[in-house]
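Computed from a predicted model, the values in this text were never measured in an experiment.
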Amino acid sequence: MNAFPARLLQITSHADAERELLRIGVDPSGIASMGPKMVSRCIHLTGLQCRQANVLKQEMLALGGDAAVARGSVACSIDSTDVILIGTEKQLAKLCSKLAPQPFGLPALAGLLLNALAHFTITPTVWRTSRRELALTRPLIMGILNVTPDSFSDGNRFLEPHQAVERARQMAAEGADIIDIGGESTRPGASAVPAKEEIERIIPVISALSETLPCAISVDTWKSQVATEALAAGVEIINDISGFTFDNTMADVAARSAAGVILMHTRGTPATMQQDTNYRDLVGEIIQSLRSSLQIAADAGIQRDRIAIDPGIGFSKNAAGNLEILRRLREFTGFGVPLMIGTSRKSFISTVLDRTADDRLYGTAATVALAVANGAAILRVHDVRAMRDVADMAHAIMAG
């Protein structure tokens, strides 16, 4: 028998590193020093000057890390290059210190890198709405309430106000933290509904629930007129599938109300979005779009702790793209705001499992568990009771 057995360790966070170091009896000063060396990061920087990239390459190599750059960068025979920094958190932190006195705008880049590293290390603990603070100590469950005749999974089931109110109360009893009320279907191919009709569908439901429902109420709309009426009726979160890009006054409405906001990525309206699902760099392009939406929110004066983001599963993505987003979900946590995922009963599950919309519970459960494991803080679902258990169990495993 081997007297010196060896095994691999999975270290993805400071908590993982600290646990293993404590297990073998390392002293506190050693943990503080060695913990950041055990967590590796790859950080993608876009559109750097070659001279900037060359400095980063040299400094990372000197620190024992590395930096990937495009061919031609060293000789400056190309105009610009993306850079992938490869190193431990300790090496990357030291890089930022070494960039501080450098020319070529590198001190500003160091500030951006430190900010990104902080977001990876410290996750948000609360999400603020206009009425409360929602603790992020466990995943939040957002129950879907479609007050529509044509939603892909539950269209026409809750079109009557009394049916919708009863369903909302049922979801709250099953463990929902938020009820998301929508009066317009955003399924692929759906046509837009006039704001007046959308308002007529949702306001009676919101008014009936706003003073008695124990959980938060969200409105699923991209129209500022609808959001304004919904906020007046008691809504405290705006869930905008366009990330503030369809209606240029929506950000101002959200800022004035101090509502929580969810900024989602899509490309094109629901009527057209599935006509173009090809991307050169899927995750990179989604992240760039979400960055633009976050800037719109900041320019309107919306505080960062009121914002969540959603990469938009099923919106202008094909099945392979949806699976890629879930596989790489951790990359979206670098914004330092809560991450929402909406996979519930969606068609990509059928592509994999060949199931109808009302038979995708287990497929949805798999996506919810993996989303929680990869950093999702909010899960938008139809089946609240089941997904409450799935999310809580996945969270318990990951939190240790």
Between [X] and [Y], is there a side-chain N and carboxylate O pair less than 4.0 Å apart?
X	Y	value
Glu20	Arg23	yes
Arg345	Asp359	no
Arg388	Asp392	yes
Lys94	Glu59	no

Side chain proximity check, [X] to [Y], heavy atoms < 4.5 angstrom:
X	Y	answer
Ile237	Val219	no
Trp127	Asp305	no
Leu99	Leu113	yes
Thr221	Asp240	no
Arg201	Pro149	yes
Leu329	Leu339	yes
Arg380	Ile262	no
Met340	Ile309	no

Say you draw a straight line from [atom1] of [X] to [atom2] of [Y]; how long is it, rounded to the nearest 0.5 Å?
X	Y	atom1	atom2	value
Arg138	Ile141	CZ	CD1	8.0 Å
Lys57	Thr81	NZ	OG1	10.0 Å
Leu209	Glu211	CG	CD	10.5 Å
Met264	Ile313	CE	CD1	10.0 Å

Nearest heavy-atom neighbours spanning [X] and [Y]:
X	Y	result
Asp177	Leu140	OD2-CA, 3.2 Å
Ala230	Ile202	CB-CD1, 4.4 Å
Met273	Thr186	CE-O, 3.5 Å
Leu145	Ala168	CD2-CB, 4.0 Å
Asp180	Ser218	OD1-OG, 2.7 Å
Phe244	Ser293	CD1-O, 4.4 Å

Main-chain N/O of [Y] paired with [X] side-chain donor or acceptor, under 3.5 Å:
X	Y	answer
Ser73	Ala70	yes
Gln91	Thr88	yes
Arg267	Asp276	yes
Arg306	Thr129	yes
Glu285	Asp281	yes
Asn374	Leu370	yes
Ser257	Val253	yes
Gln52	Phe104	yes
Lys317	Gly312	yes
Thr367	Thr364	yes

- request: Could you check Arg169 against Glu166 for salt bridge (Lys or Arg N to Asp or Glu O under 4.0 Å), going step by step and ending with a plain yes or no?
  value: CA-CA 5 Å; Arg169 289 175 177 157; Glu166 181 180 350; over 6 Å; no

Distance-only donor-acceptor pairs under 3.5 Å for side chains of residues 32-42, two or more places apart:
unit_1	atom_1	unit_2	atom_2	d
Ser33	OG	Lys90	NZ	3.3
Arg41	NE	Glu89	OE2	2.9
Arg41	NH2	Glu89	OE2	2.9

Do [X] and [Y] get their side chains close enough for a donor-acceptor pair, meaning under 3.5 Å?
X	Y	result
Asp310	His265	no
Glu198	Gln225	no
Ser224	Asp247	yes
Asn54	Gln58	no
Thr148	Asn146	no

- prompt: Taking Glu236 as the fixed residue, which of Arg132, Arg131, Arg128 is the one that meets the side chain to side chain donor-acceptor pair (under 3.5 Å) rule?
  reply: Arg132

task: Return yes when atom CG of Asp354 has more than 12 non-hydrogen atoms of other residues, nucleotides or ligands closer than 6.0 Å, and no otherwise.
output: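 Not more than 12 within 6.0 Å, no.
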
field: side chain to side chain contact (heavy atoms under 4.5 Å, CB included) between Arg304 and Val337, intermediate numbers included
entry: CA-CA 7 Å; Arg304 193 82 168 192; Val337 300; 3.6 Å; yes

Counterpart residues, side chain to side chain donor-acceptor pair (under 3.5 Å), relative to Gln170 (two or more places apart): Arg167, Glu174

- request: Output all residues satisfying side chain to side chain donor-acceptor pair (under 3.5 Å) with Thr228, sequence neighbours left out; order by chain, then residue number.
  value: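 Testing Thr228 for side chain to side chain donor-acceptor pair (under 3.5 Å), a comparison that skips the adjacent residues, returns none.
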
- request: Evaluate the salt bridge (Lys or Arg N to Asp or Glu O under 4.0 Å) criterion for residues Lys223 and Glu184: first the C-alpha distance (whole Å), next the side-chain angles of each, then the deciding distance (0.1 Å), finally the verdict.
  value: CA-CA 10 Å; Lys223 303 181 185 78; Glu184 175 183 87; 2.6 Å; yes

In one Ile/Leu/Val/Met/Phe/Trp/Tyr side-chain cluster, 4.5 Å: [X], [Y]:
X	Y	answer
Phe332	Phe348	yes
Ile341	Val390	yes
Leu92	Leu48	yes
Tyr279	Ile325	yes
Ile203	Val165	yes

- prompt: Hey, mind stepping through Arg256 and Asp252 against salt bridge (Lys or Arg N to Asp or Glu O under 4.0 Å) and telling me if it holds?
  reply: CA-CA 6 Å; Arg256 288 195 300 270; Asp252 291 331; 5.1 Å; no

message: Applying side chain to side chain contact (heavy atoms under 4.5 Å, CB included) to Ile78 and Cys50, what does each step give before you reach the verdict?
response: CA-CA 7 Å; Ile78 56 177; Cys50 289; 3.6 Å; yes

field: side chain to side chain contact (heavy atoms under 4.5 Å, CB included) between Ile302 and Ile307, worked out
entry: CA-CA 8 Å; Ile302 299 172; Ile307 302 172; 3.8 Å; yes

task: Please report the C-alpha distance between Ile349 and Arg355 in whole Å, then the side-chain angles of each, then the deciding distance to 0.1 Å, and finally whether the side chain to side chain contact (heavy atoms under 4.5 Å, CB included) criterion is met.
output: CA-CA 7 Å; Ile349 297 172; Arg355 297 288 187 268; 5.6 Å; no

